[in-house]
Participant: 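This structure is in structure tokens; I'll ask about it shortly.
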Amino acid sequence: MNDQQLFEQMESLLYAAVISDTLDELGYRNQVMRENINPIVNDWVVAGRAKTILSVDVHYVPEDPYAKEIEAVDSVKPNEVVIGCTNESKQNGLWGELLSTASKMRGARGAIVDGLIRDTKKIEELDFPVFATGTKPVDSQGRGLVIDYDIPVLCGGVMVHPGDVIFGDRDGVVVIPQALVDDVFKRAMDKVTRENHTRDELLEGRTLREVYDKYGVL
């Protein structure tokens, strides 16, 4: 299947916990971003290829403060999820309505920011899934500067490479290394099936031990 079909299936059938469990089974135990990165709308789910953007705090207004930021957003491709790495900034409102609108119109599926965002009402109306650590109504000009993009970044405590697959829901954000995507998807789908059987049999009155011994999931 192509990327769009894959990500649509992931968003409709999978969830962060089962993907995290699957990565654990494969020996990748540090693939979940820090717990304070959450969707601004609780029910939003996002899956897509990582489009990384790196921002740093500054304390002056550069001559062209948005140059690299505009370049980065204008290079977004369909089915990407923007990964906005601010180094956990508390002063840099990197993301807002206009970047969300521009990214969505270029085919992005959402954005994950390890810092603060603004314009959340407008982003919600746009129905563009954005995850962040919180909100602050400040502009990035003179506070933060995008210095590079399409490079490895440490976001929420997880190393993210361009092309890795990102999955986020209300439980958190998981990073799937690019080389593992097909295997993780197949294994996660199998685990979801076994979990569904486990839940059904628990609701029928069987004991946890009985269904765990049968399906091997908990």
Side-chain angles (χ1 to χ4, degrees), residues 33-42 44-170 172-173 175:
M33 290 188 187
R34 199 166 290 109
E35 66 280 354
N36 61 343
I37 301 176
N38 296 298
I40 62 172
V41 174
N42 207 34
W44 274 348
V45 179
V46 66
R49 298 274 176 190
K51 167 74 177 187
T52 60
I53 298 177
L54 178 61
S55 169
V56 297
D57 283 354
V58 294
H59 305 279
Y60 72 103
V61 179
E63 183 177 338
D64 191 353
Y66 303 120
K68 188 68 76 170
E69 182 176 315
I70 291 170
E71 185 181 307
V73 172
D74 281 347
S75 70
V76 167
K77 298 180 180 63
N79 294 305
E80 289 186 325
V81 173
V82 175
I83 303 298
C85 177
T86 72
N87 297 292
E88 304 175 56
S89 173
K90 299 295 190 297
Q91 73 171 19
N92 179 12
L94 171 67
W95 201 260
E97 174 199 4
L98 298 183
L99 296 188
S100 295
T101 303
S103 297
K104 181 174 183 176
M105 295 312 295
R106 295 200 58 80
R109 304 183 71 89
I112 313 292
V113 181
D114 72 343
L116 306 173
I117 62 170
R118 63 182 192 164
D119 304 327
T120 54
K121 184 176 186 295
K122 294 295 187 180
I123 294 172
E124 182 176 352
E125 291 171 358
L126 186 63
D127 194 29
F128 182 73
V130 176
F131 292 55
T133 62
T135 61
K136 195 172 187 178
V138 296
D139 184 27
S140 62
Q141 183 177 209
R143 299 183 178 92
L145 185 68
V146 172
I147 61 170
D148 210 348
Y149 61 95
D150 292 341
I151 41 88
V153 296
L154 187 67
C155 185
V158 180
M159 187 61 69
V160 183
H161 294 82
D164 288 347
V165 168
I166 307 300
F167 184 94
D169 64 18
R170 66 172 68 186
V173 180
V175 180

Participant: So Val46 and Phe128, do their side chains get closer than 4.5 Å, heavy atoms only?
Facilitator: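 SC-SC contact between Phe128 and Val46 ruled out.
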Participant: Step by step, would you call Asp139 with Tyr66 a side chain to side chain contact (heavy atoms under 4.5 Å, CB included)?
Facilitator: CA-CA 11 Å; Asp139 184 27; Tyr66 303 120; 2.5 Å; yes
Participant: For a quick test of reading the model, state the closest non-hydrogen atom pair linking Lys136 to Lys90 and the distance between them.
Facilitator: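 Scanning both residues completely, I find the closest heavy atoms to be NZ-O, 2.9 Å.
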Participant: Are any non-hydrogen side-chain atoms of Ile83 and Ile53 less than 4.5 angstrom apart?
Facilitator: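 A side-chain contact under 4.5 Å is absent here.
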Participant: Please list, one pair per line, the donor and acceptor atoms closer than 3.5 Å that link side chains of residues 96-104 to other protein atoms, with sequence neighbours excluded.
Facilitator:
from   : atom 1 : to     : atom 2 : distance (Å)
Ser100 : OG     : Trp95  : NE1    : 2.7
Ser100 : OG     : Gly96  : O      : 2.9
Thr101 : OG1    : Glu97  : O      : 2.8
Ser103 : OG     : Leu99  : O      : 2.8
Lys104 : NZ     : Leu126 : O      : 2.6

Participant: Between Arg109 and Asn79, is there a side-chain donor-acceptor contact under 3.5 Å, judged purely by atom types and distance?
Facilitator: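 Yes - a donor-acceptor pair under 3.5 Å links their side chains.
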Participant: Ignoring hydrogens and angles, tell me if any N or O in the side chain of Gln91 forms a donor-acceptor pair with the backbone of Arg143 under 3.5 Å.
Facilitator: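 Yes, Gln91 side chain to Arg143 backbone: donor-acceptor pair under 3.5 Å.
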Participant: Using side chain to side chain contact (heavy atoms under 4.5 Å, CB included) as the criterion, point out the one residue from Ile112, Val165, Val173 that pairs with Val81.
Facilitator: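 Running side chain to side chain contact (heavy atoms under 4.5 Å, CB included) over Ile112, Val165, Val173 with Val81 returns exactly one hit, Ile112.
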Participant: Can you measure from CD (Gln141) to CG (Leu145) and round to the nearest 0.5 angstrom?
Facilitator: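 That separation rounds to 10.5 Å.
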Participant: Taking all heavy atoms of Gly115 and all of Ala132, pick out the closest pair and write down the distance.
Facilitator: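 The pair with the smallest heavy-atom distance is O-CB, 3.4 Å.
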Participant: Taking Asn87 for its side chain and Ser55 for its backbone only, find out whether a donor-acceptor pair lies under 3.5 Å.
Facilitator: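 Side chain of Asn87 to backbone of Ser55: a pair is present.
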Participant: Short question: side chain of Asn92, backbone of Ser140 - any donor-acceptor pair under 3.5 Å?
Facilitator: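 Not a single qualifying donor-acceptor pair exists.
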Participant: Checking Thr120 now: which residues fulfil side-chain contact (heavy atoms from CB on, under 4.5 Å) with it, not counting sequence neighbours?
Facilitator: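 Only Ile40, Ile117, Thr135 meet the side-chain contact (heavy atoms from CB on, under 4.5 Å) criterion with Thr120.
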Participant: On a heavy-atom basis, which atom in Met33 and which in Val175 lie closest, and how many Å separate them?
Facilitator: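 That would be CE-CG2, 3.8 Å.
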Participant: May I have the step-by-step check of side chain to side chain contact (heavy atoms under 4.5 Å, CB included) for Leu94 and Ser89, ending in yes or no?
Facilitator: CA-CA 9 Å; Leu94 171 67; Ser89 173; over 6 Å; no
Participant: Specify the closest pair of heavy atoms between Ala50 and Val160, including all atoms of both residues, with the distance to one decimal.
Facilitator: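 Answer, listing the atom of Ala50 first, then Val160: CB-CG1, 3.6 Å.
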Participant: Under a 3.5 Å distance rule, please check whether Arg118 uses its side chain to pair with a backbone N or O of Gly93 as donor and acceptor.
Facilitator: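 The answer is no, because no donor-acceptor pair under 3.5 Å joins these two groups.
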Participant: Specify the closest pair of heavy atoms between Pro129 and Trp44, including all atoms of both residues, with the distance to one decimal.
Facilitator: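 Nearest heavy atoms, Pro129 then Trp44: CA-CE3, 3.3 Å.
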Participant: Short question: side chain of Thr52, backbone of Ile151 - any donor-acceptor pair under 3.5 Å?
Facilitator: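 Yes: the side chain of Thr52 pairs with the backbone of Ile151.
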Participant: Check this for me, if you would: do Arg49 and Asp164 make a salt bridge, where the nitrogen-to-carboxylate-oxygen distance has to be below 4.0 angstrom?
Facilitator: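 Result for this pair is no, no salt bridge flagged.
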Participant: Do Lys68 and Ile147 have side chains that get closer than 4.5 Å, going by heavy atoms?
Facilitator: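 The answer is no, as the side chains (C-beta and beyond) never meet within the 4.5 Å cut-off.
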Participant: For Gly84 and Cys155, work out which heavy atoms get closest and say how close.
Facilitator: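 Shortest heavy-atom separation between Gly84 and Cys155 comes out as O-SG, 4.4 Å.
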Participant: Between Glu80 and Ala111 (side chain of the first, backbone of the second, donor and acceptor by atom type, cut-off under 3.5 Å), is there such a pair?
Facilitator: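 No; zero donor-acceptor contacts below 3.5 Å.
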Participant: Show, in sequence, the C-alpha distance, side-chain angles and deciding distance for Leu116 and Thr133, and conclude whether the side chain to side chain contact (heavy atoms under 4.5 Å, CB included) test is met.
Facilitator: CA-CA 6 Å; Leu116 306 173; Thr133 62; 3.6 Å; yes
